[in-house]
Enquirer: 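Once you've had a glance at the structure underneath, I'll fire off some questions.
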Number of protein chains: 2
Amino acid sequence: MKVTISDVARLAGVSTATVSHTINNTRYVSDETKERVYQAIRELGYTPDASARSFRTGKKQTVGFIVPDISNKFFGTMIEAVENYLSEHGYHLIIANTKEDADREETSLRLLTAGLVDGILVASTMEDFNRFDATIPAGFPVVLVDRTFEAKKYSSVCVSNFQPIYRSVCRLSGKGAQRIGIVGGLPRLSSTKERISAYQEAVEDCGLPQEESLVLYGDSMENSVQSCLDDLLAQKCDAIVVCQGLMASETIIYLHQKGLQLARDIDLVSFVDYDSNFYELYSSQMDCIVQPVEELGRAAGEQILSRIENPDAPIFEKVLTSAYRPYDSPNTWNGKKA
Amino acid sequence: MKVTISDVARLAGVSTATVSHTINNTRYVSDETKERVYQAIRELGYTPDASARSFRTGKKQTVGFIVPDISNKFFGTMIEAVENYLSEHGYHLIIANTKEDADREETSLRLLTAGLVDGILVASTMEDFNRFDATIPAGFPVVLVDRTFEAKKYSSVCVSNFQPIYRSVCRLSGKGAQRIGIVGGLPRLSSTKERISAYQEAVEDCGLPQEESLVLYGDSMENSVQSCLDDLLAQKCDAIVVCQGLMASETIIYLHQKGLQLARDIDLVSFVDYDSNFYELYSSQMDCIVQPVEELGRAAGEQILSRIENPDAPIFEKVLTSAYRPYDSPNTWNGKKA
DNA sequence: CTGAAAGCGCTTACAG
DNA sequence: CTGAAAGCGCTTACAG
């Protein structure tokens, strides 16, 4: 049946302690004994049972990542970067998808924190911090990713949302835009709130109309952008800010279908999913805000492993900055000239 | 510290067996006893330790998925579908990325099969079946996804590769194409081989030139398509078949940059990533082969769970069919008229 | 330099 | 209807 450490010990004529120590290099074992142990391992085809080991040591060598939408390229790329960092450090990655559903998130949080993983990364879709907080066992290593909460109880790795939006609105204004509309993501998310308030401050500072009707919200996941656009176009907007990559591509397609040409008929600025081929075609006709997704993933990996090492370390908040690429400055997209 | 089942048993005044049985509904417990147990659980805030449980039972309730490229939308969507199916059935998903590297794949296979997961799904990048086979412990539940091997030792869930390519070549020929070039993915993959031979048979059957120089291979991951296209264009191809979604979008961009217009200057047919916004813009100018990615993921989930239930079941090969959408027939992309 | 043995937190025959 | 106890496969003080 299953070959265990005792089988190896017996065949090698040593104790299980010695087998364990030679495998893990955790105390001195004479070369001769080592050789006997390895010989026995080879003969029996022994592989240590990861499940028993992690049960015994309490270390799972696994982290969980709770994601709102796996198939979204933004998160797909982040998952890749996280997995890359973790596997380099001997950790595994468990993925859970919430589809922006708080109940699913809560379930995943409970399951994962109940002895399945050493720590979790979460891009939370919850509005209520207390609900989130109540679901996490005390002291459990957590790093918030991309989205954070007002209450600064957990470490986080996010992207600067305010500055690029503020700047792009100012720039649109400087180019003569009269009415700038904005399509935000899910209103409850911290990222959305930051982006919307950047827009609102900028619009005010630039002396542009601050009408509530110019601020619309799309669902980050479904095809809900079209009605927002119809609404903004009916309001005679000459520039539109879109707060999220998936919605941006829908926007481009929809404007295209309506016969509107970017840069000529209407100005568009949008968060854009890093490295997406889609935008390469349009980077000369719109302002792109490119988020450092891979660094975000890598930083998330770093943070969670360091918290697992040292769960009582002070809260750490990392904010990465997005690149702002206006379309009529020399195109440096991906370092290539268009 | 940690609250264990013994703490609960002590507080409730019952045995650990009874606590276990009431939690798991695995033998009769009187209502009164149940109540005492649940009361104790609430009081202590007890959560069963998943690690101990899975060690004890030998069931991890987890499957591994070894993927060549997570950030590729094709696999991202598949991961989502798999995760969806698994979580519905109480399973977790561990993801490992190989970046089309056989060594990484081998490492992941070893790690995952050593007691971490109950079964694995793998879109293998290995050329050598024996190497793959030697890495899998005897009887370990495995389902191959998207890519298979000549030797039919493992169950698989794939997509029909031959028919759509054969048909599209015939159709190009029928429209008058004289020289059709093809850009395949990694030559070692079963999917690539099937697609290339479909092309070759069709080209022969249609009486078109069967020159070796018309068959080129791109790396599925890097930006290696451009040189292939330059080559084919220099050979005066009037139609090009591209075998993979990522390469297809690069192709569109590159042809666009060269000032070539699809459908007018050159005909393009390509496998396309399901649901990608990118193609929505081009579905009226090129032939699209749309793979049923979500069904693929769902079927993969079904197959691996049923193999875990019943590891000795006969090998099962499932082949899903892709949709072929020529561009000048009425556009039914996503059910919408363009 | 190495071994005997406890114990991680559960589940599950076995027994009554 | 429920309990006492073995045992899953490791790691790790403790002891010599």
Side-chain angles (χ1 to χ4, degrees), chain A residues 1-41 44-62 90 111 113-118 137 140, chain B residues 1-41 44-62 90 111 113-118 137 140:
Chain A
M1 301 256 53
K2 194 165 195 352
V3 179
T4 74
I5 199 172
S6 313
D7 299 322
V8 174
R10 200 174 311 118
L11 181 60
V14 299
S15 69
T16 62
T18 296
V19 176
S20 175
H21 286 301
T22 83
I23 288 172
N24 299 307
N25 243 308
T26 175
R27 85 175 176 195
Y28 183 91
V29 178
S30 75
D31 285 350
E32 183 201 15
T33 309
K34 261 188 199 159
E35 200 28 68
R36 286 220 313 285
V37 169
Y38 282 126
Q39 175 58 30
I41 286 176
L44 297 170
Y46 169 68
T47 318
D49 182 82
S51 177
R53 178 182 287 174
S54 70
F55 165 57
R56 176 54 231 245
T57 60
K59 306 272 308 121
K60 280 77 189 165
Q61 297 288 106
T62 302
L111 287 172
T113 56
L116 255 190
V117 299
D118 300 314
F140 197 89
Chain B
M1 303 258 51
K2 192 161 196 355
V3 180
T4 73
I5 200 172
S6 312
D7 300 322
V8 174
R10 200 173 311 118
L11 180 60
V14 298
S15 70
T16 62
T18 296
V19 177
S20 174
H21 286 301
T22 84
I23 287 172
N24 299 307
N25 245 307
T26 175
R27 84 175 175 195
Y28 184 91
V29 179
S30 74
D31 285 350
E32 183 200 15
T33 309
K34 261 186 198 160
E35 199 30 68
R36 286 220 312 284
V37 170
Y38 282 126
Q39 175 59 30
I41 286 174
L44 297 170
Y46 169 69
T47 317
D49 184 81
S51 178
R53 179 180 289 174
S54 70
F55 165 57
R56 178 52 232 245
T57 61
K59 306 273 307 123
K60 281 76 190 165
Q61 296 287 107
T62 303
L111 288 172
T113 55
L116 254 190
V117 299
D118 300 313
F140 198 89

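Below, chain A is the first sequence line, B the second, and so on; all start at residue 1.
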Enquirer: Dump every N/O contact between nucleotides 1-5 of chain D and the protein below 3.5 Å, one line per pair.
Expert:
unit_1: D/dT2; atom_1: OP1; unit_2: B/Ser30; atom_2: OG; d: 3.1
unit_1: D/dT2; atom_1: OP1; unit_2: B/Thr33; atom_2: OG1; d: 2.5
unit_1: D/dT2; atom_1: OP2; unit_2: B/Ser30; atom_2: N; d: 2.9
unit_1: D/dT2; atom_1: O4; unit_2: B/Arg27; atom_2: NH1; d: 3.4
unit_1: D/dG3; atom_1: OP2; unit_2: B/Ser15; atom_2: N; d: 3.1
unit_1: D/dG3; atom_1: OP2; unit_2: B/Ser15; atom_2: OG; d: 3.1
unit_1: D/dG3; atom_1: OP2; unit_2: B/Thr18; atom_2: OG1; d: 2.5
unit_1: D/dG3; atom_1: N7; unit_2: B/Arg27; atom_2: NH2; d: 2.9
unit_1: D/dG3; atom_1: O6; unit_2: B/Arg27; atom_2: NH1; d: 2.6

Enquirer: Do you know the tightest heavy-atom contact between B/Phe55 and A/Ala52?
Expert: CE1-CB, 3.3 Å
Enquirer: Whole angstrom is fine here: how far is it from CD1 in B/Ile5 over to C1' in C/dT12?
Expert: 11 Å
Enquirer: For the pair made of CG in B/Asp7 and P in C/dC8, what is the distance, rounded to whole Å?
Expert: 11 Å
Enquirer: Return the value, rounded to whole Å, for the distance between atom NZ of B/Lys60 and atom P of D/dG9.
Expert: 10 Å
Enquirer: Atom CZ of A/Phe55 to atom P of C/dT11: distance rounded to whole Å?
Expert: 11 Å
Enquirer: For B/Thr18, give me all partners under side-chain hydrogen bond (donor to acceptor under 3.5 Å, both in side chains), at least two apart in sequence or on another chain.
Expert: B/Ser15
Enquirer: Do the side chain of B/Asp7 and the main chain of B/Thr4 share a donor and acceptor less than 3.5 angstrom apart?
Expert: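 A pair under 3.5 Å: yes.
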Enquirer: What's the CG-C1' distance between B/Asn25 and C/dT12, to the nearest Å?
Expert: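 In whole Å, C/dT12 C1' lies 16 Å from B/Asn25 CG.
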Enquirer: Can you measure from OG1 (B/Thr22) to CZ (B/Arg36) and round to the nearest 0.5 angstrom?
Expert: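 Answer for the OG1-CZ pair, B/Thr22 versus B/Arg36, is 11.0 Å.
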Enquirer: Specify the separation, in whole Å, of atom CZ of B/Arg56 and atom C1' of C/dT11.
Expert: 4 Å
Enquirer: Could you state the atom-to-atom distance from CD1 of A/Ile23 to P of D/dT12 in whole Å?
Expert: 13 Å
Enquirer: Would you please test B/Thr62 and B/Leu116 for side chain to side chain contact (heavy atoms under 4.5 Å, CB included) and show each step?
Expert: CA-CA 8 Å; B/Thr62 303; B/Leu116 254 190; over 6 Å; no
Enquirer: Under a 3.5 Å distance rule, please check whether B/Asp49 uses its side chain to pair with a backbone N or O of A/Gly115 as donor and acceptor.
Expert: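 No, because the side chain of B/Asp49 does not come within donor-acceptor range (under 3.5 Å) of the backbone of A/Gly115.
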Enquirer: Assuming nearest nucleotide by heavy-atom distance, tell me which of B/Thr26 and A/Ala52 is located more 5' along DNA chain C.
Expert: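 Nearest-nucleotide comparison on DNA chain C picks A/Ala52.
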Enquirer: Any side-chain heavy-atom pair from A/Arg53 and A/Pro48 closer than 4.5 angstrom?
Expert: yes
Enquirer: Let me check I have this right: for DNA chain C, each base becomes ., (, ), [, ] or |, based on Watson-Crick or G-U pairs with both distances under 3.5 Å. What is the full string?
Expert: |||.||||||||.|||
Enquirer: Can you see if the side chain of B/Arg53 gets near the phosphate of C/dT11 - specifically, an N or O under 4.0 Å from OP1 or OP2?
Expert: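 True: B/Arg53 side-chain N/O within range (under 4.0 Å) of C/dT11 OP1/OP2.
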Enquirer: Of the options C/dC10, D/dG9, D/dT11, whose atoms approach the side-chain atoms of B/Thr4 most closely?
Expert: C/dC10
Enquirer: For B/Asn24 and C/dT12, give me the distance from atom CG to atom P, rounded to whole Å.
Expert: 8 Å
Enquirer: Looking at B/Val37, B/Thr26, B/Val14, B/Thr16, which one forms a side-chain contact (heavy atoms from CB on, under 4.5 Å) with B/His21?
Expert: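 Considering B/Val37, B/Thr26, B/Val14, B/Thr16, a side-chain contact (heavy atoms from CB on, under 4.5 Å) with B/His21 is found only for B/Thr26.
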Enquirer: Quick check for you: to the nearest 0.5 Å, what is the distance between B/Ile23 atom CD1 and B/Thr47 atom OG1?
Expert: 9.5 Å
